[in-house]
Amino acid sequence: MTEAQGGLRDWFAARKGVWSRLRFTSLRLRLVVVFGLVALTAAVSASGIAYWLNREAVLTRAQDAVLRDFQQEMQNRAGALPEDPTQDELQQAAAQMAGSSQRFSVLLVSSDANGRTVYGNSGALDGFTLQDVPVSLREAVNEKQQVDSANKYAYHLYWQRTVAHDTPYLVAGTRVIGGGPTGYMLKSLEPEAKDLNSLAWSLGIATGLALIGSALLAQAAATTVLKPVHRLGVAARRLGEGRLDTRLRVSGTDELADLSRTFNHAAEALEKRVEDMSARDDASRRFVADMSHELRTPLTAITAVTEILEEELEAESGSMDPMIEPAVRLVVSETRRLNSLVENLMEVTRFDAGTARLVLDDVDVADQITACIDARAWLDAVELDAERGIHARLDPRRLDVILANLIGNALKHGGSPVRVAVRAADDEVVIGVRDHGPGIPEDVLPHVFDRFYKASASRPRSEGSGLGLSIALENAHIHGGEITAANSPDGGAVFTLRIPRDASELAEQLMEAKKADDRAKKGEA
C-alpha cells in the first residue's frame, strides 16, 4: 500500500512538473500552435486541391473512355440490327456490347414488328433494367432535337453519375444515329473510388507528417527565438535579487540584441544609482552617528549644569530669582528632551547599521512590566492585567524600551486609564496596551511607526521626538516580533505587541537577513 501511494505521488509530481513547464513556456506553446495551425491550413488546402484535381482527372479519364467505347459499340453493334429487331437479337447485341474492353452493362430498348416494346439486357449487375436509369436521363435521351447547321443529329449521348448501395456508377444513354434501338449503359466506378480513397489516405498521411514537421520546426524556431528571452528573464531575476553586476552577452543586430543592449544600459544605470544611494545612505548614517557622539560631550556638561539649576529650583531657600525661574525651567526641560533625542538617534543609527544586538535573559513578563511602570511612577495611571509565571527569553532592556514607549505614548496622547494586558499564545507572548482616548485618526494609522512622524503638524515642538514608536517597532523586529496599531470598537487606541517566547534563534536569523539585505543594497553577490 505504501509503494502504491509513493508511485501515485511520483505520478502526480511528474504531472505537476509537466504542467508547470507548460505554463512556464506558454509563449513557446503559442508559437508551436500557431506554426501548427498555419502548416495544417496550408497542408489541408494543398491536399484538398490536389485531391479535387486528381479526382476530376481520374473520373473524367475513366468516364471518357467508357462513353467513347459505349458510343462506338452502339454504332457498330446496335446500328447493325434490323429496323424491328426481336428480343433475342437485342439480347445477343447487348451481350456483345457488354463484352467490350470497358466491361459495362448494356440495356437495349426497341419495338418489334408487332409494335411491342422489347428489351435486350446483358444480364450483369443483377439485371440492368430501365428502372435503374434516372427518369431525367431517359427523358433527355428520348428527346428529339431539331437538326440544323449547329446541330447535326436529332439524338445525343447523355450521361449521369449516381450512387447505389454506397457504390458509384456511371449511367449513360443514346439512340443509334440514323434510326435504331435506344441503348443504356451502366458502369461501376468502384475501382476509381478505391483509387481516390487511397489517394485521400496518402494525402492525409502527408498532411499529418507536414503537421509533425511544422511542429518540430516551430519548436526549433521557438528555441532559437526564446533562448535570448529566457536569458533576459534569468538576468532580470538576478538583478532583482540584488546582483547589480549582471549583464547580458550581446550578439547580432536584431531586435533581441537591441533589447539586450537596453537591458545592459538599464542595469548599468541602476547599479550606479544604487551605489550613489548607498554612498549617500552611509554618509548620512555616519553623519548622524558622528553628530550624536559629538553632542554627547557638551550635553554631559550642560546636563550637569541643568541638574544644579534644578536643585536650586527645588530648594526651599528661594535663592532663585523669580524673573529667570521660567527660563531655567525651560532650559532644564529642553536639555532633557535633547538628551532623549540624542539617545534615540544613536539607537536608530545602531539599527540602521545592523549593529544592534540582543542580550537575552529569562524574565517573567509580568514582573518586567511592573518594573517598567514602577520606575516611571505610572502605577496610579496604568491598570495591569498579567498573570505571573509567563516566562520568555528576551532582552529585558529592549522590552523595557518597547513598553515605555507604548505606555508613555498612551498616557500622553490617549486617555486614562491605560490598560496593559498580557497573555500567552502558542510560542509567543501577546501584550496589549489600550487607552481610553479619542483613538487614532484613520489617515494617521498607517504612519504611526514612521520616524519623526507627528499626527499634528501644528505642534512641531511637542514633547516627543517622533522616534519612540519607531524605536519600539525596531526592538520588536530584532526579537522576531511585531507591533500593530488599531482603534478599539469601544473607543481608544490599541497597540499589540507579539514577541516570541524564545527570541534567540529568530534574532540570529534576522541578523543574517539584515546583513544579506545590506549586501543586496550595495550590489554584492
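A donor-acceptor pair under 3.5 Å links the side-chain atoms of Asn264 to the main chain of Leu248, judged by distance alone. In this structure, the side chain of His436 engages the main chain of Pro417 through a donor-acceptor pair within 3.5 Å. Not a single donor-acceptor pair under 3.5 Å links the side chain of His391 to the backbone N or O of Val365. For the pair Asn405 (side chain) and Val401 (backbone), a donor-acceptor distance under 3.5 Å is present. No donor-acceptor distance shorter than 3.5 angstrom exists from the side chain of Thr60 to the backbone of Ala57, with no hydrogens or angles considered. Looking at Arg398, its side chain never comes within 3.5 Å of a backbone N or O of His479 through a donor-acceptor pair.
Here the shortest heavy-atom pairing between Asn54 and Ala50 reads ND2-O, 2.6 Å. Listed here is the closest heavy atom pair of Thr167 and Ser188: CG2-OG, 3.9 Å. When all heavy atoms of Leu445 and Ala485 are compared, the pair lying nearest together is CD2-O, 3.8 Å. Residues Ala381 and Leu411 approach most closely at CB-CD2, 3.8 Å, considering heavy atoms. Looking at every heavy atom in both residues, Phe449 comes nearest to Leu473 through CB-CD2, 3.8 Å. Contact record, Ala392 with Val429: CB-CG2, 4.3 Å, taken as the closest heavy-atom pair.
Side-chain contact check for Leu232 versus Phe263: some heavy-atom pair is nearer than 4.5 Å. Within the 4.5 Å cutoff, the side chain of Val444 has heavy atoms near those of the Val448 side chain. Taking 4.5 Å as the limit, every side-chain heavy atom of Asn487 sits out of range of all side-chain heavy atoms of Val494. Side-chain atoms of Leu239 and Leu244, non-hydrogen and from C-beta on, do get closer than 4.5 Å to each other. Looking at Phe495 and Asn409, their side chains come closer than 4.5 Å, going by heavy atoms from C-beta outward. Thr370 is listed as a side-chain neighbour of Leu384, based on a closest heavy-atom distance under 4.5 Å. Taking 4.5 Å as the limit, every side-chain heavy atom of Asp385 sits out of range of all side-chain heavy atoms of Val420. Between Asp395 and Ile478, the closest side-chain pair of non-hydrogen atoms is not below 4.5 Å.
Residue pairs meeting the salt bridge (charged side-chain N to carboxylate O under 4.0 Å, His left out) criterion with at least one partner in residues 256-268, sequence neighbours excluded, are Asp258-Arg261.
In terms of the side chain to side chain donor-acceptor pair (under 3.5 Å) criterion, Arg231 has no residue partners (sequence neighbours excluded). With sequence neighbours excluded, no residue forms a side chain to side chain donor-acceptor pair (under 3.5 Å) with Arg61. Applying the salt bridge (charged side-chain N to carboxylate O under 4.0 Å, His left out) test to Glu192 and every residue at least two apart in sequence or in another chain returns nothing. By the side-chain contact (heavy atoms from CB on, under 4.5 Å) test, Ala410 pairs with Val418, Val433, Asp435, sequence neighbours left out. Checked against side chain to side chain donor-acceptor pair (under 3.5 Å), Gln368 has no partners two or more places apart in sequence or in another chain. Residues meeting the side-chain contact (heavy atoms from CB on, under 4.5 Å) test with Arg376, sequence neighbours left out: Cys372, Trp378, Asp400, Ala404. Scored by the side chain to side chain donor-acceptor pair (under 3.5 Å) test, Thr207 finds Ser47 as partners (sequence neighbours excluded). Residues meeting the side-chain contact (heavy atoms from CB on, under 4.5 Å) test with Pro438, sequence neighbours left out: none. In terms of the salt bridge (charged side-chain N to carboxylate O under 4.0 Å, His left out) criterion, residue partners of Asp362 (sequence neighbours excluded) are, by chain and number, Arg393. Listed by chain and residue number, nothing satisfies the side-chain contact (heavy atoms from CB on, under 4.5 Å) test with Ala206 (two or more places apart in sequence, or in another chain). Under the rule for a ring-ring contact (aromatic ring centres under 6.0 Å, His included), the partners of His447 that lie at least two apart in sequence or sit in another chain are Tyr453.
For the atom pair Arg237 CZ and Thr246 OG1, the distance stands at 11.5 Å (nearest 0.5 Å).
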Between Glu428 and Arg498, does the salt bridge (Lys or Arg N to Asp or Glu O under 4.0 Å) criterion hold? Intermediate values first, please.
CA-CA 7 Å; Glu428 63 182 9; Arg498 296 179 179 273; 3.0 Å; yes
Give the C-alpha distance, both sets of side-chain angles, the deciding distance and a yes or no for side-chain contact (heavy atoms from CB on, under 4.5 Å) between Trp159 and Gln63.
CA-CA 9 Å; Trp159 58 270; Gln63 173 182 293; 3.1 Å; yes
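Electrostatic pairing of Arg247 and Glu271 counts as a salt bridge here, judged by a charged N lying under 4.0 Å from a carboxylate O.
Within 6.0 Å of the CG atom in Asp443, the count of heavy atoms belonging to other residues, nucleotides or ligands exceeds 12. Other residues, nucleotides and ligands contribute over 12 non-hydrogen atoms within 6.0 Å of the CG atom of Asp64.
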